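Structure record follows, encoded as structure tokens.
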Amino acid sequence: MSLSRLLVSHITVFFVCLVFLYSVSADTTENNLLNLSLSEAVQLALTQSIELQNDLLDLEISRSSNRITRSTYRPTLDLSTDSTYSDPHGGDDSLDHQVSARVNQHFASTGTSLTLQSTLNKYDDDDHNFDTSSVTTSLPSAESGQYANTMGLTLTQPLLRDLGPWADLNTVRKADLTLENAVYNHQLTQRNLVLRVISSYFTSLKQQKLVEVAEKSVEDANRHLSNTQIKMEEGLVALMDVSQAELQLARQQTSLIRSRQSVATSMDGLKLILNLPLSTSLVLTEEVENLWEPLDDPALIQEALDNRLEIKTLANQIQSAEYSLSQSQNQRLPALDLVLNAEVTHRDDDVSNVFKLEDEDYNVSMGFSWTFGDESNRENWLQSKIRLQKLQNEMIRERQSIEKEVLDQIRNYRALVEALKVSDKSVKIAEKALELATTSYREGLTSNLDLIKAQDDLTDARNGYYTELMNLAVAKATILNTIGREIDPDDLVINHEQ
């Protein structure tokens with residue numbers, strides 16, 4: 001192979017490898033690049049936020065706790081079996097079996113407890129003595145057989161203390177209120193997350209805009225330096241003017257470096273909220289319009305007092321405290337219970353005959369007890385009253401705090417609207433001033449410092465405008481969150497018709 005062909009082949013292989021590496025690099029860059037609108041950022045946070053995922057797990061724990069409380073008032077079935085082997089001295093050995101079933105039901109609405117029980121015994125010997133240790137009624141001495149069954153019913157009804165509506169039913173109600181508050185807490189976490197995403201998004205977008213302003217200022221300063229150098233070569237300006245132009249370019253370049261650092265920091269903060277790798281490159285695509293709207297203070301305050309989840313949570317806590325007060329008040333009553341027992345026992349060689357309900361025995365009793373000198377129930381009742389009073393005081397303070405919060409956000413919004421109007425006007429004035437200063441400097445009618453100051457004024461005006469514009473967008477979302485309304489990132493409008 002000739003040297004030229006060998007060289008061509010190596011060059012061909014080199015370019016193929018270069019194209020391959022470029023394609024891989026391009027794919028990697030494309031894969032790490034993410035264009036995000038505000039709505040997409042919010043949806044991504046709701047899907048991937050670790051904080052929200054943990055909050056959902058807490059909600060599942062609350063639902064499980066509620067099921068545990070309610071399971072206390074559902075019927076339960078207890079099954080047990082037992083086998084006994086006996087080898088008496090001088091007698092025949094035997095193997096006896098016992099199967100027991102018990103159904104328990106506690107009724108929350110009345111406090112009633114009901115127990116149904118059946119115990120079936122199978123004896124190895126017909127003459128085996130019948131074990132009546134678990135039987136409350138006497139067994140006829142003439143009754144014998146290989147199978148024996150005892151069926152019983154016990155009904156207990158509290159008449160004063162532990163009566164259902166003031167005891168068990170309130171326990172269920174409190175468990176439901178606790179679960180409802182857990183749902184409110186999850187919704188509050190979700191709404192606060194949306195607000196954090198919006199605030200971080202617009203902060204990053206603001207820094208992105210400030211980078212664009214800094215880049216434009218560097219271009220203007222660079223162009224001014226070139227023009228000044230040309231004018232110095234022509235003998236129209238002094239060397240001092242060139243030095244001032246160089247210093248202006250250095251200042252703008254420093255400002256650009258700091259702006260890029262700020263946007264990187266704010267972008268990383270947004271990635272952290274969205275649970276994205278820090279290596280991801282974000283491009284924020286949201287367009288922010290200079291729109292504002294008048295606000296109705298009383299209507300927004302009332303909406304906040306009606307919708308804020310903190311108030312709903314506190315209202316549930318007050319309701320739960322009232323149930324606890326009712327329970328503690330009920331516990332101060334004496335224990336007066338009505339108890340009904342009914343039981344029947346049969347023994348026979350035919351297992352089907354031992355389940356008859358003939359000759360059943362029953363008894364009814366009423367028990368009364370009241371402990372004197374025990375102050376615990378009274379003190380528990382007093383503590384419940386105090387807790388209720390504290391929660392009612394907290395409700396008053398919470399409503400006042402929310403009203404102040406709404407007014408503060410309204411004042412902040414209106415201040416931003418006025419500041420944005422001024423900033424918008426300042427940008428137009430600064431652009432016109434720079435245009436006049438540039439023309440005057442070119443014609444030798446003004447100094448170099450006047451042109452530099454006009455450039456700085458325009459940079460400051462643009463920075464102020466984008467800062468106020470993004471802050472106003474965040475203020476809208478903050479007001480929506482403050483009045484307890486769900487935030488729609490595609491429609492940050494306050495004055496929707498209710």
Side-chain angles (χ1 to χ4, degrees), residues 202-267 283-292 412-475:
F202 283 122
T203 298
S204 300
L205 188 58
K206 176 189 71 176
Q207 297 297 337
Q208 193 170 288
K209 292 294 184 181
L210 296 186
V211 168
E212 295 176 5
V213 172
E215 290 174 343
K216 183 67 169 59
S217 298
V218 169
E219 292 178 5
D220 292 342
N222 204 0
R223 183 169 52 253
H224 173 61
L225 175 60
S226 299
N227 293 335
T228 304
Q229 288 173 338
I230 293 174
K231 296 186 73 171
M232 187 194 70
E233 294 173 357
E234 295 175 351
L236 300 177
V237 296
L239 182 60
M240 176 63 71
D241 292 329
V242 175
S243 298
Q244 291 171 343
E246 290 175 339
L247 184 59
Q248 169 70 356
L249 177 59
R251 285 198 299 266
Q252 298 300 338
Q253 288 173 336
T254 301
S255 177
L256 176 59
I257 292 171
R258 291 175 177 172
S259 296
R260 285 173 175 169
Q261 179 185 1
S262 297
V263 75
T265 301
S266 60
M267 285 289 191
V283 177
L284 308 184
T285 61
E286 192 74 16
E287 294 293 334
V288 183
E289 298 180 355
N290 183 1
L291 298 176
W292 58 276
N412 178 62
Y413 177 83
R414 287 175 175 153
L416 287 171
V417 169
E418 295 304 319
L420 184 60
K421 292 178 181 178
V422 173
S423 296
D424 188 22
K425 185 177 180 181
S426 297
V427 170
K428 295 176 181 177
I429 293 174
E431 289 175 343
K432 184 63 176 178
L434 178 60
E435 181 182 348
L436 293 175
T438 301
T439 302
S440 298
Y441 179 73
R442 186 182 305 116
E443 295 175 355
L445 300 177
T446 188
S447 68
N448 184 42
L449 291 178
D450 291 333
L451 179 57
I452 291 175
K453 185 178 184 307
Q455 291 174 344
D456 289 340
D457 290 342
L458 179 57
T459 298
D460 292 342
R462 285 171 175 169
N463 286 341
Y465 174 79
Y466 285 119
T467 298
E468 304 299 345
L469 181 64
M470 301 305 168
N471 288 344
L472 183 63
V474 175

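Note that these values count all heavy atoms, side chains included, but never hydrogens, waters or copies made by symmetry. The structure presented is a predicted model; accordingly, all values stated were derived computationally and were not measured.
When the side chain to side chain contact (heavy atoms under 4.5 Å, CB included) test is applied to Val218, the partners found at least two apart in sequence or on another chain are Leu249, Gln252, Gln253, Leu256. Taking the salt bridge (charged side-chain N to carboxylate O under 4.0 Å, His left out) definition, one finds that Lys432 meets it with nothing, sequence neighbours left out. Applying the side chain to side chain contact (heavy atoms under 4.5 Å, CB included) criterion to Ala433, with sequence neighbours excluded, gives no partner residue. Gln208 pairs by the side chain to side chain donor-acceptor pair (under 3.5 Å) definition with nothing, not counting sequence neighbours. Residues satisfying the side chain to side chain contact (heavy atoms under 4.5 Å, CB included) criterion with Gln229, sequence neighbours excluded, are Leu225, Val242, Glu246. Considering only residues two or more places apart in sequence or on other chains, Asn471 meets the side chain to side chain donor-acceptor pair (under 3.5 Å) condition with none of them. Scanning for side chain to side chain donor-acceptor pair (under 3.5 Å) contacts around Asp220 gives Lys216, Arg223, with sequence neighbours left out.
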Next item on the list: Could you go through the salt bridge (Lys or Arg N to Asp or Glu O under 4.0 Å) check for Lys421 and Glu418 one step at a time?
Entry: CA-CA 5 Å; Lys421 292 178 181 178; Glu418 295 304 319; 3.7 Å; yes
Margin query: Applying side chain to side chain contact (heavy atoms under 4.5 Å, CB included) to Leu416 and Leu420, what does each step give before you reach the verdict?
Written below: CA-CA 6 Å; Leu416 287 171; Leu420 184 60; over 6 Å; no
Next item on the list: Start with the C-alpha gap between Met240 and Gln244, add the side-chain angles, then the distance that decides, and say whether side chain to side chain contact (heavy atoms under 4.5 Å, CB included) holds.
Entry: CA-CA 6 Å; Met240 176 63 71; Gln244 291 171 343; 3.8 Å; yes
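Note on residues 443-468: no pairs pass ring-ring contact (aromatic ring centres under 6.0 Å, His included), not counting sequence neighbours. Screening residues 254-264 for side chain to side chain donor-acceptor pair (under 3.5 Å) gives Glu215-Arg260 as the qualifying pairs, with residues at least two apart or on separate chains. Identified under the ring-ring contact (aromatic ring centres under 6.0 Å, His included) test for residues 230-267, with sequence neighbours left out: none. Sorted by first then second residue, the salt bridge (Lys or Arg N to Asp or Glu O under 4.0 Å) pairs that include residues 457-470, not counting sequence neighbours, are Glu431-Arg462, Lys453-Asp457.
Shown here for Ser204 and Val263, the closest heavy-atom pair between the two residues is O-CG2, 3.9 Å. Residues Leu469 and Glu289 share a closest heavy-atom pair of CD1-O, 3.8 Å. Val427 approaches Ala461 most closely through the heavy-atom pair CG2-O, 3.4 Å. The two residues Tyr413 and Trp292 make their nearest non-hydrogen contact at OH-CA, 3.4 Å.
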Under 3.5 Å, which donor-acceptor pairs do the side chains of residues 438-446 form with other protein atoms, sequence neighbours left out?
| residue | atom | partner | partner atom | Å |
| --- | --- | --- | --- | --- |
| Thr438 | OG1 | Leu434 | O | 2.7 |
| Thr439 | OG1 | Glu435 | O | 3.0 |
| Ser440 | OG | Leu436 | O | 2.9 |
| Tyr441 | OH | Thr228 | OG1 | 3.4 |
| Thr446 | OG1 | Asp450 | OD2 | 2.6 |

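Rounding to the nearest 0.5 Å places OG of Ser217 at 13.0 Å from NE2 of His224. With rounding to the nearest 0.5 angstrom, the CZ atom of Phe202 is 11.5 Å from the NZ atom of Lys209. The CG atom of Leu472 lies 7.5 Å from the CG atom of Asn290; values are rounded to the nearest 0.5 Å. Atom-to-atom distance recorded for Leu458:CG and Ser426:OG is 10.5 Å, nearest 0.5 angstrom.
No donor-acceptor pair under 3.5 Å is formed between the side chain of Asp241 and the backbone N or O of Asn448.
Using a 4.5 Å heavy-atom cutoff, the side chains of Arg251 and Ile452 are in contact.
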